[in-house]
Enquirer: 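What follows is a single structure, and I will ask about it in a moment.
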Amino acid sequence: MYAILDAHSFYASVEEVFRPSLREHPFVVLGSNDGAVVARNEKARQLGVRMGVPWFKLRDMQRQGLLGLSGNMTLYCDMSLRLHSLLSGLAEHTTAYSVDEAMSYLGDMPGDHTARVWKMKERVQQWLGLPIGGGIGKTKTISKLASFVGKSAFRRPGSFPAELAHVCNLGQCDDALLRLCMERTPVGEVWGIGRRYGDELAEAGILTAWQFSKLDPAMVRKRWGVVLERTLRELNGIDCIEITGHANRKQIVVSRSLAKPVEAREELVRYVSMFTANAATKMRLQGSACSVVSVFAMTSPFRQGPRFARSTVVPVGVITDDTRILSEAAVRGVHSIWEDGYELVKSGVMLLDLVPRAQATAQGMLDLHGVEISQNKSHELMLAVDQINERYGRKTVRVGMEETEPVSKAERRTPNYTTKWSETPIVRA
């Protein structure tokens, strides 16, 4: 038996924790450069605001009182860590599936699973102020389906039986109730199907999760592949999908839309150095190293004027996780693609050909000037930098050429309530 718990409208809910007055107004959280909607509260949802819509297209709704907040990722990540520390107490084996979701293996745990999830929901609400829901099922896919049913029953009364709202247990229900829930669930809402497969299934006349569950597994595998076949088997109660946490990525990308157009090479160098340092930190967290860096920059496709969109791949010459060496390679990439006369609005860095760091240690390393240096000492230095930055704040120790000013606009950002003493809320009683 599995249980999945997820926070409702996580970014928006975090904002409401520290500013309860927001619950009385429709508002959205905006992404990079305050460009598009990445989260919305219930009132904004009821107003008809869709995810991903550009902020400037919501002017009419703004006149009706719709508010927009800049995304505060520092705050959201900190609250996510607190959320997962609580959710890990639900069962012995709990995996952080995303920033706002965790999946637990309940196994043969004694007691009422539904009551256990309700207690966890109440604890998160009391300790963090975040509204969460839960879904329970015999397989991971059914537990995700149960989570969807629980949220839908809460948000759209009448769509599913009211007793399934918030916490839905499809693992211990009768066959009639399970069939009812699957018949009312669009096939595209089934975990693992998504929009593309959902459209193809709809063209074949498969509109609901129940209809999909009755297909022949061999036919599904032949037409759509083994991934969809596993989803089908999971819907029929056969546990066949493994989740062991976040798999190591084969490449790491850090890119941003810039707060203002860049017209000077030195300014782009500072941004690219910062992106490289961020990517290198992520790479070290997963225990990898790389030997190739790619750099790209572009102008806006929506603005008038000359267009620029170029990228380059720079071989580092060694397998390393050292920010200094990777930054040098990225800067060489900037010099190779730079041309005066353009207003660049987006840039980024990709670390390619990632391998386990142990492979870099075994191979040994030469620096860019041909002088042999210690791989272990280089790695230990980078780990020390990471630890200092984690303890005292990002960019406490950094490469000298890195940009220190904000990359993107965040004119509507709320304070970092939980990570900066100067922005900690003050309560006067």
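Keep in mind that this is a model prediction, so the values were computed, not measured.
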Enquirer: Could you tell me whether Glu234 and Arg230 make a salt bridge, using a distance below 4.0 angstrom between a side-chain N and a carboxylate O?
Expert: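 Arg230 and Glu234: not salt-bridged.
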
Enquirer: Going from CG on Leu5 to CD on Glu101, what distance comes out if it is rounded to the nearest 0.5 angstrom?
Expert: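 Nearest 0.5 Å value for the CG-CD distance: 9.5 Å.
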
Enquirer: Going from CD1 on Ile136 to OG1 on Thr114, what distance comes out if it is rounded to the nearest 0.5 angstrom?
Expert: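 If I round to the nearest 0.5 Å, the distance is 4.0 Å.
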
Enquirer: When you measure from the side chain of Thr424 to the backbone N and O of Lys420, does any donor-acceptor pair fall under 3.5 Å?
Expert: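 Side chain of Thr424 to backbone of Lys420, a donor-acceptor pair under 3.5 Å: yes, one is there.
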
Enquirer: Do Thr323 and Val385 have side chains that get closer than 4.5 Å, going by heavy atoms?
Expert: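 They are not in side-chain contact.
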
Enquirer: Could you measure the distance from the CG atom of Leu354 to the CD atom of Gln286? Nearest 0.5 Å is fine.
Expert: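 Result: 5.5 Å between the selected atoms.
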
Enquirer: Would you tell me whether Ser9 and Arg45 have side-chain atoms, one donor and one acceptor, within less than 3.5 Å of each other?
Expert: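 Arg45 and Ser9 do have a side-chain donor-acceptor pair below 3.5 Å.
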
Enquirer: Of the non-hydrogen atoms in Gln172 and His113, which two are nearest, and what is the gap between them?
Expert: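 Taking every non-hydrogen atom into account, NE2-ND1, 3.9 Å.
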
Enquirer: Please name the residue in the list Leu66, Leu30, Val29 that meets the side-chain contact (heavy atoms from CB on, under 4.5 Å) test with Val37.
Expert: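 The side-chain contact (heavy atoms from CB on, under 4.5 Å) with Val37 is passed solely by Leu30 among Leu66, Leu30, Val29.
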
Enquirer: Does Arg50 have more than 12 heavy atoms from other residues, nucleotides or ligands lying within 6.0 Å of its CZ?
Expert: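 No, not enclosed.
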
Enquirer: Hey, can you tell me if Tyr76 and Phe10 have their rings parallel, tilted or perpendicular (30° and 60° cut-offs)?
Expert: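 Ring orientation, 0 to 90° scale: perpendicular.
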
Enquirer: Are Leu128 and Val17 close enough that some pair of their side-chain heavy atoms sits under 4.5 Å apart?
Expert: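 No; the side chains remain at least 4.5 Å from each other.
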
Enquirer: Is there side-chain contact between Cys181 and Leu177, with at least one heavy-atom pair below 4.5 Å?
Expert: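 Yes - at least one pair of side-chain heavy atoms lies under 4.5 Å apart.
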
Enquirer: Look at the side chain of Ser80 and the backbone N and O of Val99, then say whether any donor-acceptor pair between them is shorter than 3.5 Å.
Expert: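 Looks like yes, one N/O pair under 3.5 Å.
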
Enquirer: Ignoring hydrogens and geometry, is there a side-chain-to-backbone donor-acceptor pair from Arg307 to Thr299 under 3.5 Å?
Expert: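 Judged by distance alone, no pair lies under 3.5 Å.
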
Enquirer: Closest heavy-atom contact between Cys173 and Asn169?
Expert: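 Smallest interatomic distance, heavy atoms only, reads CB-O, 3.8 Å.
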
Enquirer: When you measure from the side chain of Asp322 to the backbone N and O of Met382, does any donor-acceptor pair fall under 3.5 Å?
Expert: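 Answer holds: no.
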
Enquirer: Does Thr418 reach the side chain of Phe18, with side-chain heavy atoms less than 4.5 Å apart?
Expert: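 A side-chain contact under 4.5 Å exists here.
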
Enquirer: Can you see which heavy atom on Gly158 is nearest to which on Arg184, and at what distance?
Expert: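 Smallest interatomic distance, heavy atoms only, reads O-NH1, 3.7 Å.
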
Enquirer: Look only at the side chain of Asn389 and the backbone of Thr396, and say whether a donor-acceptor pair between them is shorter than 3.5 Å.
Expert: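 Judged by distance alone, yes, a pair lies under 3.5 Å.
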
Enquirer: Can you check whether Gly133's main-chain N or O pairs, donor with acceptor, with Lys121's side chain at less than 3.5 Å?
Expert: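 A pair under 3.5 Å: no.
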
Enquirer: At what distance, to the nearest 0.5 angstrom, does CD of Glu183 lie from CG of Leu178?
Expert: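 If we round to the nearest 0.5 Å, Glu183:CD and Leu178:CG are 10.0 Å apart.
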
Enquirer: Which atoms form the tightest heavy-atom contact between Leu232 and Lys214, and what is the distance?
Expert: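 Of all heavy-atom pairs spanning Leu232 and Lys214, the closest is CD1-N, 4.5 Å.
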
Enquirer: Under 4.5 Å between any side-chain heavy atoms of Ser378 and Arg324, yes or no?
Expert: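 Heavy-atom side-chain distance check passes, below 4.5 Å.
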
Enquirer: More than 12 foreign heavy atoms under 6.0 Å from CZ of Arg221: is that the case here?
Expert: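 For Arg221, atom CZ is not crowded (no more than 12 foreign heavy atoms under 6.0 Å).
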
Enquirer: Mind listing the closest non-hydrogen atom pair of Ala102 and Leu87 along with its distance?
Expert: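 Heavy atoms only, the tightest pair is CB-CD1, 3.7 Å.
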
Enquirer: Has the side chain of Arg179 got a donor or acceptor atom that lies under 3.5 Å from a matching backbone atom of Ala176?
Expert: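 No: the side chain of Arg179 does not pair with the backbone of Ala176.
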
Enquirer: Using the rule side chain to side chain donor-acceptor pair (under 3.5 Å), only one of Thr139, Thr141, Asp239 pairs with Tyr2; which is it?
Expert: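 One option only clears the test, and that one is Asp239.
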
Enquirer: About how many Å separate SG of Cys290 and CE of Met350, when rounded to the nearest 0.5 Å?
Expert: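 One finds 12.0 Å between CE of Met350 and SG of Cys290.
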
Enquirer: Is it the case that atom CG in Asp175 sees more than 12 heavy atoms from other parts of the structure closer than 6.0 Å?
Expert: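 No.
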
Enquirer: With a 4.5 Å heavy-atom cut-off, do Met120 and Val117 have their side chains touching?
Expert: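 Not in contact.
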
Enquirer: Quick test of your reading of the model: are Arg19 and Glu15 salt-bridged, counting only N-O distances below 4.0 Å?
Expert: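 A salt bridge is absent here (no side-chain N lies under 4.0 Å from a carboxylate O).
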
Enquirer: Just how far is it from atom CZ of Arg233 to atom CD of Glu229, taken to the nearest 0.5 Å?
Expert: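 Between Arg233 CZ and Glu229 CD, I get 4.5 Å after rounding to 0.5 Å.
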
Enquirer: Grab the two heavy atoms, one from Gln125 and one from Pro131, that are nearest each other, plus how far apart they are.
Expert: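 So the minimum-distance heavy-atom pair works out to OE1-CA, 3.5 Å.
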
Enquirer: Do Asp199 and Arg195 pass the salt bridge (Lys or Arg N to Asp or Glu O under 4.0 Å) test, and can you show the C-alpha distance, the side-chain angles, and the key distance before you say yes or no?
Expert: CA-CA 6 Å; Asp199 291 343; Arg195 179 178 299 177; 5.7 Å; no

Enquirer: For the pair Thr312 (side chain) and Ile337 (backbone), establish whether a donor and an acceptor sit closer than 3.5 Å, ignoring hydrogens and angles.
Expert: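 Flag not set: sc Thr312 to bb Ile337 has no pair under 3.5 Å.
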
Enquirer: Just do the side-chain contact (heavy atoms from CB on, under 4.5 Å) check on Phe212 and Leu228 with the steps written out, would you?
Expert: CA-CA 10 Å; Phe212 176 70; Leu228 219 58; 4.0 Å; yes

Enquirer: Can you check whether Ser98's main-chain N or O pairs, donor with acceptor, with His84's side chain at less than 3.5 Å?
Expert: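 Yes.
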
Enquirer: Quick one, His379 with Asp321, criterion side-chain contact (heavy atoms from CB on, under 4.5 Å). Give me CA distance, side-chain angles, the key distance, then yes/no.
Expert: CA-CA 7 Å; His379 180 67; Asp321 63 0; 2.6 Å; yes

Enquirer: I want to check something: taking the side chain as every heavy atom from C-beta on, are Val187 and Gln211 in contact at a cut-off of under 4.5 Å?
Expert: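 The answer is no, as the side chains (C-beta and beyond) never meet within the 4.5 Å cut-off.
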
Enquirer: Flag the pair Leu268 / Ser347 as yes when at least one side-chain heavy-atom distance between them is below 4.5 Å, and no otherwise.
Expert: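 Leu268 reaches Ser347 side chain to side chain.
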
Enquirer: What verdict does the side-chain contact (heavy atoms from CB on, under 4.5 Å) test give for Glu16 and Phe27, after you've listed the backbone C-alpha separation in whole Å, the side-chain angles of each residue and the deciding distance to 0.1 Å?
Expert: CA-CA 10 Å; Glu16 290 177 345; Phe27 76 91; 3.5 Å; yes

Enquirer: Between His8 and Arg155, does a side-chain contact (heavy atoms from CB on, under 4.5 Å) hold up when you go through it step by step?
Expert: CA-CA 10 Å; His8 301 322; Arg155 288 172 173 164; 4.0 Å; yes

Enquirer: Would you find a donor on one side and an acceptor on the other, under 3.5 Å apart, between the side chain of Lys140 and the backbone of Ile241?
Expert: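 Pair found, side chain donor or acceptor close to backbone of Ile241.
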
Enquirer: Set out, in order, the CA-CA distance, both residues' side-chain angles and the distance that settles side-chain hydrogen bond (donor to acceptor under 3.5 Å, both in side chains) for Asn236 and Ser213, then state yes or no.
Expert: CA-CA 6 Å; Asn236 286 289; Ser213 70; 4.6 Å; no

